[in-house]
Amino acid sequence: MTQLLLFNVTNGLIIGAFYVLMALGLSLILNLSNVINFAHGGFLVIGGYIAFAITPYVGFWGALLIAPLLTACIGLLVERILIRPLYGRDPLYGLLLTFGLAFIIEDGTRFIWGPQGKPVSVPALLAQPVSLDLFFITGYRLFMVAMVAVAVALLFVLLRYTRLGIRIRAGTLDLEPTMGTGLLMPSFIAIIVGGVGSLTGTLLGGLLIGVASGITAVFLPAASEAIMYVLMAVVLLIRPRGLFGEEGMMT
């Protein structure tokens, strides 16, 4: 039972790390542009398929560096051409646009790469477990968690110590906001649990719902997804604006 619990907690932390990255992106977009980006998970899919397509040519590490940059360029084009004209208008326009864009991305990737998932081989060094007892903790899983930690740390450094970050934080304070589709709703829940407008809260919210889902899967697997909604309801009952939310953002 102990090993099973540790296995699910580990999985919960890894899934929570993905929720953190998704939720941080959603939080920044929502606070800065007042756009509810339902296509956020779609860009995750685009990045994954780009990595799959270029891995045979540049290898795993090359794809890890190039795919995010190419995805960012696509996102920039979408923002300039489609999203920017909607700034200052009713948020419903942005919601409907990104909702439709999510379906376009889903069908587009299915048309290009087919309906089945594509495997990407990881380096042998990362595929090895850390020990025989902890066979489910591989180097690749630790690497993913480390990458999330580095990305979050760099984001906080950017926001706190650079001129660009100061402008972003100023925009977040001045504006008042009104995936992988499977990651999209947990990302929104992470924002709500942590508190809209708080990046620290978003980080904690993503990890909390990931670990809660992992622990629940040990004792009641059928409720492993529902637990995040229960957690959100409990937090909102106790603290309506979330764990670290600012006054007026949710109430």
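Numbers here simply count residues along the sequence, with the first being 1. Small disclaimer: the values here were computed from a predicted structure and weren't measured.
- Looking at residues two or more places apart in sequence or on another chain, you find no ring pair (Phe, Tyr, Trp, His ring centres under 6.0 Å) involving Tyr229.
- Pairing each heavy atom of Thr98 with each of Leu95, the nearest pair is OG1-O, 3.1 Å.
- The hydrophobic clustering, which links ILVMFWY residues whose side-chain heavy atoms are closer than 4.5 Å, places Val45 and Leu77 apart.
- Nearest heavy-atom pair across Val193 and Met232 is CG2-CA, 3.8 Å.
- Across Phe60 and Thr55, no two heavy atoms sit closer than the pair N-CG2, 4.1 Å.
- No continuous path of hydrophobic side-chain contacts links Leu76 to Phe43 [ILVMFWY only; heavy atoms under 4.5 Å].
- Qualifying side chain to side chain contact (heavy atoms under 4.5 Å, CB included) partners for Leu82, counting only residues two or more places apart in sequence or in other chains: Val78, Leu97.
- Both Leu207 and Phe156 are members of a single hydrophobic cluster when ILVMFWY side chains are connected at heavy-atom separations under 4.5 Å.
- The hydrophobic cluster around Val150 extends to Leu154, counting ILVMFWY residues whose side-chain heavy atoms fall within less than 4.5 Å of a member.
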Determine all donor-acceptor pairs shorter than 3.5 Å in which one atom belongs to a side chain in residues 62-75; sequence neighbours excluded.
unit_1, atom_1, unit_2, atom_2, d
Thr71, OG1, Ala67, O, 2.8

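- Grouping the Ile, Leu, Val, Met, Phe, Trp and Tyr side chains by contacts below 4.5 angstrom, directly or via other members, places Leu204 apart from Ile238.
- Cluster membership for Ile46 and Val58, using ILVMFWY side-chain heavy atoms within less than 4.5 angstrom, is shared.
- With sequence neighbours left out, Ile215 forms a side chain to side chain contact (heavy atoms under 4.5 Å, CB included) with Leu5, Val9, Val211, Phe219.
- A salt bridge (charged side-chain N to carboxylate O under 4.0 Å, His left out) check over residues 108-130, counting only residues at least two apart or in different chains, returns the pairs Glu106-Arg110, Asp107-Arg110.
- Within 6.0 Å of CZ in Phe99 there are 12 or fewer heavy atoms belonging to other residues, nucleotides or ligands.
- For the pair Met144 and Met147, the minimum side-chain heavy-atom distance is 4.5 Å or more.
- In this structure, the separation between CD on Glu79 and CG on Leu86 is 10.0 Å, given to the nearest 0.5 Å.
- Between atom CD1 of residue Ile105 and atom CG of residue Leu44 there is a gap of 10.5 Å, rounded to the nearest 0.5 Å.
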